[in-house]
Each structure stands twice: as C-alpha cells, then as structure tokens.
Number of protein chains: 2
Amino acid sequence: MNLKIATEIGKCLSNQTRFQILEWLKEPEKHFPPHETLKHFNDGVCVTYIQEKTALSQSTISTYLTNMEKCGLLISTRHGKWSYLKRNEKTIKEFTDFIT
Amino acid sequence: MNLKIATEIGKCLSNQTRFQILEWLKEPEKHFPPHETLKHFNDGVCVTYIQEKTALSQSTISTYLTNMEKCGLLISTRHGKWSYLKRNEKTIKEFTDFIT
DNA sequence: TTTATATATCGGAAATTATAGATATGTGTG
DNA sequence: CACACATATCTATAATTTCCGATATATAAA
C-alpha cells in the first residue's frame with residue numbers, strides 16, 4: 001500500500017453509496033436475495049442486485065463498482081453474463097494497516 | 001462510528017495532501033523541526049509547520065486541518081497563539097474497525 | 001493600546017466528481 | 001444468426017471540491 005493507492009481508496013470511501021456497498025458486502029446473505037443461477041455468495045453479489053438496492057442508475061453503479069475494483073477494494077468474477085462483486089479483504093487490511 | 005461519519009472521514013482521505021498529513025503525524029519528530037516554544041510533540045505539530053511542508057496556502061491548510069478535526073481524525077490543542085494537531089488514534093481505530 | 005504573528009473564515013474561479021441517458025459490448029438462448 | 005439481457009463505456013450537465021487571496025479573529029509582545 002502506498003499514498004497514491006490509499007488516496008484512491010479514500011475517494012471510493014468519500015461517497016455514502018459506495019461506502020454502503022462495501023458494508024453490505026460484509027454479509028451478502030443478510031442484504032441481498034439469493035441468486036437464481038448461482039446458489040452461493042462465494043464470489044459476492046451481482047451488479048443488478050447492488051444497483052436495485054441503491055436506486056441509482058445502472059451506469060452509475062457500474063462505474064462505482066469498476067472504480068472500487070480498480071483500486072483493489074472489490075474483486076470481480078464473471079459467471080456467464082453476470083458479474084459478481086465481493087470484498088477484497090487483503091487490500092482492505094493493507095489499507096487499514098497503512099492508516100494505523 | 002456510523003456510515004455518515006465514516007464517509008466524512010473518507011472525504012478527508014480522498015485527497016493526497018490530507019492523507020499525507022495524517023501519515024506525517026504518525027512520527028512528528030521524523031518529519032518536522034522541533035518547536036521553539038514547546039519542547040515536545042505531545043500535542044502534535046503546529047499549523048505553520050504543516051503548511052510549510054505541504055506548500056499549499058495557509059488558508060487551504062487551515063481548512064483541511066479544521067475538517068480533519070471535525071470528523072475526528074485529528075485533535076487540536078491551543079498553546080498561546082499556536083494550534084497543535086495530533087492524530088486521534090481512537091477515532092482512527094473506530095474507522096478501521098468499521099471498514100473491517 | 002498598538003503592533004506583529006498565528007490561525008480561521010469568507011467569497012469566488014477552476015478543477016473534479018456525481019449521475020444520468022444513450023449506446024456499445026459480452027454472453028446465453030432459440 | 002437474431003434476440004434478449006447483463007454489464008460497460010461514452011457524453012454531457014449539475015453538483016461538489018480544490019485552492020487561493022482577502023479579510024477577520026485571537027493572542028502575545030512592545
């Protein structure tokens with residue numbers, strides 16, 4: 001972790017919706033309905049579910065999630081036509097260690 | 001710690017200068033000259049030293065530091081005409097716990 | 001009380017971010 | 001291949017943030 005990346009993460013955490021998404025993804029089963037095709041949350045939650053819950057537009061949420069992945073906060077996995085997002089606990093730890 | 005305050009902290013960490021200040025304040029003696037009047041760093045570093053090191057204007061740094069104090073990242077202590085800033089480790093810990 | 005120094009606040013121009021709609025791309029299905 | 005659906009990217013406008021100079025306030029010293 002370095003200052004530049006840490007600041008990029010800070011930018012993601014400077015918006016309530018993005019911060020909220022990171023919180024929701026701590027416990028996907030508690031905040032999202034089960035996936036019909038994929039029977040588990042091992043790779044996180046699909047973009048559509050996250051988008052519906054935030055009530056922001058699809059393009060906005062897609063951009064948010066892309067940026068959160070770019071700076072390492074999230075990990076994206078594609079299964080067929082769906083993208084699933086989960087927390088990247090390794091980077092999150094590096095970030096909190098960097099602050100502390 | 002709650003989402004709103006955590007996001008305010010995120011805003012402070014979304015700017016490289018502010019993030020850098022928080023890092024410098026981990027080890028004041030390493031990054032700043034000794035204070036002439038105050039013989040220790042127990043209450044942190046004065047605004048002027050921080051401002052000089054960043055090379056941004058006095059008004060900008062003053063605003064930065066005020067905001068960082070408002071959201072709980074820093075603690076401000078006045079000694080005479082100087083204000084000294086130090087990290088608020090308690091809030092920082094609450095923030096990192098909130099993320100994790 | 002006047003002056004000098006340290007910090008805070010105000011007002012505004014420039015830069016960046018937020019957010020949406022339109023469109024493009026990727027992928028499974030008929 | 002054509003279609004439907006999930007996601008990504010492009011473009012543009014509104015909102016927010018950055019950052020400064022000017023000015024105000026607080027405190028100490030003369």
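Residue numbers start from 1 in every chain, and the chains themselves are labelled A, B, ... in the order their sequence lines are given, proteins ahead of strands. Because only heavy atoms are used, hydrogens play no part in the values below, and waters and symmetry mates are left out as well, while side chains stay in.
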For this session: Using atom CZ of B:Arg78 as one end and atom C1' of D:dA28 as the other, report the distance to the nearest whole Å.
Result: 11 Å
Exercise. Taking the six-membered ring of A:Phe98, is NZ or CZ of A:Lys4 closer than 6.0 Å to its centre and within 45° of its axis?
Worked result: no
Exercise. Would you say B:Asn15 reaches D:dT18's phosphate, i.e. side-chain N/O to OP1/OP2 under 4.0 Å?
Worked result: yes
For this session: By nearest nucleotide on DNA chain D, pick out whichever of A:Trp82 and B:Lys81 is the more 5' one.
Result: A:Trp82
For this session: Ignoring backbone atoms, establish whether B:Arg18 has a side-chain N or O less than 4.0 Å from OP1 or OP2 of D:dT18.
Result: yes
Exercise. Out of C:dT7, C:dT9, D:dT9, which has the shortest distance to the side chain of A:Thr63?
Worked result: D:dT9
For this session: May I ask you to evaluate whether A:Ser59 reaches the phosphate of C:dT19, defined as a side-chain N or O under 4.0 Å from OP1 or OP2?
Result: no
Problem set entry | Nucleotide C:dT5, atom C1' - distance to CD of B:Glu36 in whole Å | 13 Å
Exercise. Reckon B:Tyr64 touches a base, only the sugar-phosphate, or nothing at all at heavy-atom distances under 4.0 Å?
Worked result: sugar-phosphate
Exercise. If you pin A:His79 and B:Ser62 to their nearest nucleotides in DNA chain C, which one's is more 5'?
Worked result: B:Ser62
Exercise. For A:Leu13 and C:dA18, what is the distance between atoms CG and P respectively, to the nearest whole Å?
Worked result: 12 Å
Seminar exercise, completed: A:Tyr84 atom OH is separated from C:dT27 atom P, nearest whole Å, by 14 Å
Exercise. Roughly how many Å is it from OH in A:Tyr49 to C1' in D:dC5, rounded to a whole number?
Worked result: 14 Å
Problem set entry | Within one Ile-Leu-Val-Met-Phe-Trp-Tyr cluster: A:Ile75 and A:Phe32, side-chain cutoff 4.5 Å | no
Exercise. Which part of the nucleic acid, if any, lies within reach of B:Leu65 when heavy atoms closer than 4.0 Å are counted: base, sugar-phosphate only, or nothing?
Worked result: nothing
Problem set entry | hbond_proxy A:Gln58 side chain to C:dA20 base (donor-acceptor, 3.5 Å cutoff) | no
For this session: For B:Ser57, report the nucleic acid contact type (base, sugar-phosphate, nothing); a contact means any heavy atom under 4.0 Å.
Result: base
For this session: Specify the separation, in whole Å, of atom NZ of B:Lys70 and atom P of D:dT17.
Result: 13 Å
Exercise. Given the rule in the salt bridge (Lys or Arg N to Asp or Glu O under 4.0 Å) test, do B:Glu94 and B:Lys90 qualify, once you have shown the distances and angles that lead to the verdict?
Worked result: CA-CA 6 Å; B:Glu94 285 169 12; B:Lys90 183 167 178 294; 2.9 Å; yes
Problem set entry | Centroid-centroid under 6.0 Å between A:His31 and A:Tyr49 rings | no
Problem set entry | Among C:dA6, D:dC19, C:dT19, the nucleotide that comes nearest once only the side chain of B:Thr48 is considered | C:dA6
Exercise. Between atom CG in A:Leu85 and atom C1' in D:dA8, what is the gap in whole Å?
Worked result: 13 Å
Seminar exercise, completed: Value for CH2 (A:Trp82) from OG1 (A:Thr37), rounded to nearest 0.5 Å, stands at 3.5 Å
Problem set entry | Whole-Å distance separating the CG atom of B:Asp43 from the P atom of C:dT7 | 13 Å
